[in-house]
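Each remark here refers to the structure printed beneath this line.
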Amino acid sequence: MTGKKSTAKLHHYVPQGYLRGFATGQERIRVVPLNRSRQPYTPSVKNVAAQNHFHTVGEFDEPDAFEKALSEVEGQALGIIKGFANGEFPPSEENRWAFAYYTALQSVRGPDTRRTTEHLRATMVRLEVGAGGRKNVGAWIRDNLGFDPTPEQEDRIWNEATQPGGPPIGFSNLAHIQNAVETAIELTPYLATRPWALVRFDRRSLITSDAPVSLVRRPDDELWEGVGFATAWGVTFPLTRKLGLLMSDPMAMLEGVGADDPRVQQLREMVLAGRIDRIQSGTTAMEILFNLHTAESAREYVFHHPEDERYVPVNLPEPDLVNIKPVGGLVDMDFDGEPLFAPNGREGRRDTRGSTERQDMTTSDGLD
C-alpha cells in the first residue's frame, strides 16, 4: 500500500533560498511592514513572503505541480547567484537567459500582480457596464457571461458593476500562474539584452522586499510618467545583502542611432555575449540607488539582515498591492443608468462644462 503524495501548503512568492542571502546564519530575517501600525519583527525565512496554497491548482492531477516547477527555476537561479558571488561573471549566454527569465518571473509572480490584474479587470467591467447604461446591461451579460438574465440578476450585476471599484472579481490560481509565466516570457528579452553590472558591497549592505525587482526611471522623465521594462533607465535586483545586479540601458551607448541601424544588432550580440558587462565596487551612492528603489517598489514588506537596519530608507511608502492604476474622468465617475454614448452615433451625456465625458485611460505606473 502506498501513501498519498504530500502536497506543499505554504507557497513562497519570494524564494526562501533567495531570502537567506539577507538572513542570519540561523535563517532569521528582519521584516519591516509598510503598514505603520505594525511593528518590525524577526521571523524565520520560511515564514516570510508566503501564502497558503498560493500556487495550488486543483485542475491539475498534481495540485502543487507549478510549485515544484518553480523550485527548479529558483534552484538554477540561486546557483547562478552563487556563481556570481564566486567570480563567475559575466554569465554564459545560457545562464544569462535563464537568470533574465527568473528575474522577469520574480517581478510578476507576487500577490501585487494578481491584485493589479483583478483591479484592472474590475475597472474595465465597471466602465463597460456603466457606459452602456442600465437598459443595456442585459445585452452585456449575454455577450460576456453567456446567459439570459432575469430582471433581478440584471439589477444585481448593474449594482455590483457600477459600485466604486467595480465588481468583486477574483482570478484563480491557474489564471494567475498563466498570466505570470506568459508575461515573464515577454519581459525576458528586455532584461537579457541590457548590459549587466555586478555590484559588490564591502562596508555597506543592501535590503530587499516582497517585490525586489525595481525599475529606475530616466533622469529626464516626469514623475507622473509610467516606467516599464522597455523604457526604464535601469533595473535593480539586490541578490544578497552584499551583492546587487544593475541592468542598464544599452541604447545609451548608441544615442541618436535609429532602430534599423546595423549597429543596434551588433550591440545586442555584444551584450548577450557579456562583453559589456562589468563588476564594480559598491559605493555609498550605489547603495542608496539600490535601497531607495527597493523600498519604493515594496508592496507590503521590506526585508533586511538584522544588522542592516541603518540602510532602510526613512520614508517608506504606504502598502499598496495595486501597481497599475487607471486614471481619467470615466474611472471615478458615478453612473446614473443613462448610457454615455447614444446608439445612433449622437454625442452622449455631457458634463457641466459641455464636453462629452470620455477620456482615455493612462497608467500612473506600469509594464510595457
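Hydrogens, waters and symmetry mates are skipped; everything else that's a heavy atom, side chains included, is used. All values derive from a computational prediction rather than experimental measurement.
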Validation row: [X], [Y] side chains within 4.5 angstrom (heavy atoms):
| X | Y | value |
| --- | --- | --- |
| His305 | Ser205 | no |
| Val302 | Leu34 | yes |
| Lys242 | Asp202 | no |
| Leu206 | Leu239 | no |
| Glu27 | Arg20 | yes |

- Ring-face cation contact, Phe89 with Arg200, 6.0 Å cut, 45° max: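 Arg200 over Phe89 ring: no.
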
- Item | Arg134 and Asp155: CA distance, side-chain angles, deciding distance, salt bridge (Lys or Arg N to Asp or Glu O under 4.0 Å) verdict | CA-CA 8 Å; Arg134 172 63 184 83; Asp155 284 339; 2.7 Å; yes

- Task: Show your reasoning for whether side-chain contact (heavy atoms from CB on, under 4.5 Å) applies to Leu70 and Tyr102.
- Result: CA-CA 9 Å; Leu70 269 179; Tyr102 165 74; over 6 Å; no

Between [Y] and [X], do the side chains contain a donor N or O and an acceptor N or O under 3.5 Å apart?
| X | Y | result |
| --- | --- | --- |
| Gln76 | Glu72 | no |
| Arg278 | Gln280 | yes |
| Arg114 | Asn173 | yes |
| Arg194 | Ser248 | no |

Counting only heavy atoms not in [X], do more than 12 sit closer than 6.0 Å to its [atom1] atom?
| X | atom1 | result |
| --- | --- | --- |
| Asp143 | CG | yes |
| Arg36 | CZ | yes |
| Glu309 | CD | no |

Would the distance check show the side chain of [X] and the main-chain N or O of [Y] forming a donor-acceptor pair, the cut-off being under 3.5 Å?
| X | Y | answer |
| --- | --- | --- |
| Glu186 | Thr183 | no |
| Glu67 | Thr56 | no |
| Glu338 | Gly132 | no |
| Arg218 | Thr231 | yes |
| Arg28 | Thr42 | yes |
| Asn86 | Glu88 | no |
| Thr113 | Val108 | yes |
| Arg126 | Gln163 | yes |
| Thr283 | Met286 | yes |
| Ser214 | Ser297 | no |

Kindly give the heavy-atom pair with the smallest separation between [X] and [Y], and that separation in Å.
| X | Y | result |
| --- | --- | --- |
| Arg299 | Asn323 | NH2-CB, 3.0 Å |
| Phe99 | Ala77 | CE1-O, 3.8 Å |
| Pro91 | Trp196 | CG-CZ3, 3.9 Å |

- Item | Test: Glu300 and Arg115 ion pair at under 4.0 Å |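 No, no charged N to carboxylate O under 4.0 Å.
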
- Same cluster or not: are Ile276 and Leu272 linked, directly or through other Ile, Leu, Val, Met, Phe, Trp or Tyr residues, by side-chain heavy atoms under 4.5 angstrom apart?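 In one cluster: no.
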
- Check whether Val48 and Leu78 end up in the same hydrophobic cluster, where Ile, Leu, Val, Met, Phe, Trp and Tyr are linked by side-chain heavy atoms less than 4.5 Å apart.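 Result: yes, single cluster for both.
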
To the nearest 0.5 angstrom, please state how far the [atom1] atom of [X] sits from the [atom2] atom of [Y].
| X | Y | atom1 | atom2 | value |
| --- | --- | --- | --- | --- |
| Arg204 | Ser281 | CZ | OG | 14.0 Å |
| His12 | Asp210 | NE2 | CG | 13.0 Å |
| Leu191 | Leu245 | CG | CG | 9.5 Å |
| Tyr301 | Leu316 | OH | CG | 14.0 Å |
| Ile81 | Glu74 | CD1 | CD | 10.5 Å |
| Lys82 | Ile80 | NZ | CD1 | 13.5 Å |

- Query: How would you list all residue pairs meeting ring pair (Phe, Tyr, Trp, His ring centres under 6.0 Å) that involve residues 260-299, not counting sequence neighbours?
  - Reply: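 Every pair satisfying ring pair (Phe, Tyr, Trp, His ring centres under 6.0 Å) with a residue in residues 260-299: there are none.
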
- Item | Stepwise side-chain contact (heavy atoms from CB on, under 4.5 Å) check, Thr103 with Met247 | CA-CA 11 Å; Thr103 303; Met247 304 173 176; 4.0 Å; yes

- Run the side-chain contact (heavy atoms from CB on, under 4.5 Å) check on Phe335 and Leu340 step by step: do they pass? CA-CA 9 Å; Phe335 296 104; Leu340 294 188; 4.1 Å; yes

- Please confirm whether Phe66 and His11 have ring centers closer than 6.0 angstrom.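 Phe66 vs His11: aromatic centres not under 6.0 Å.
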
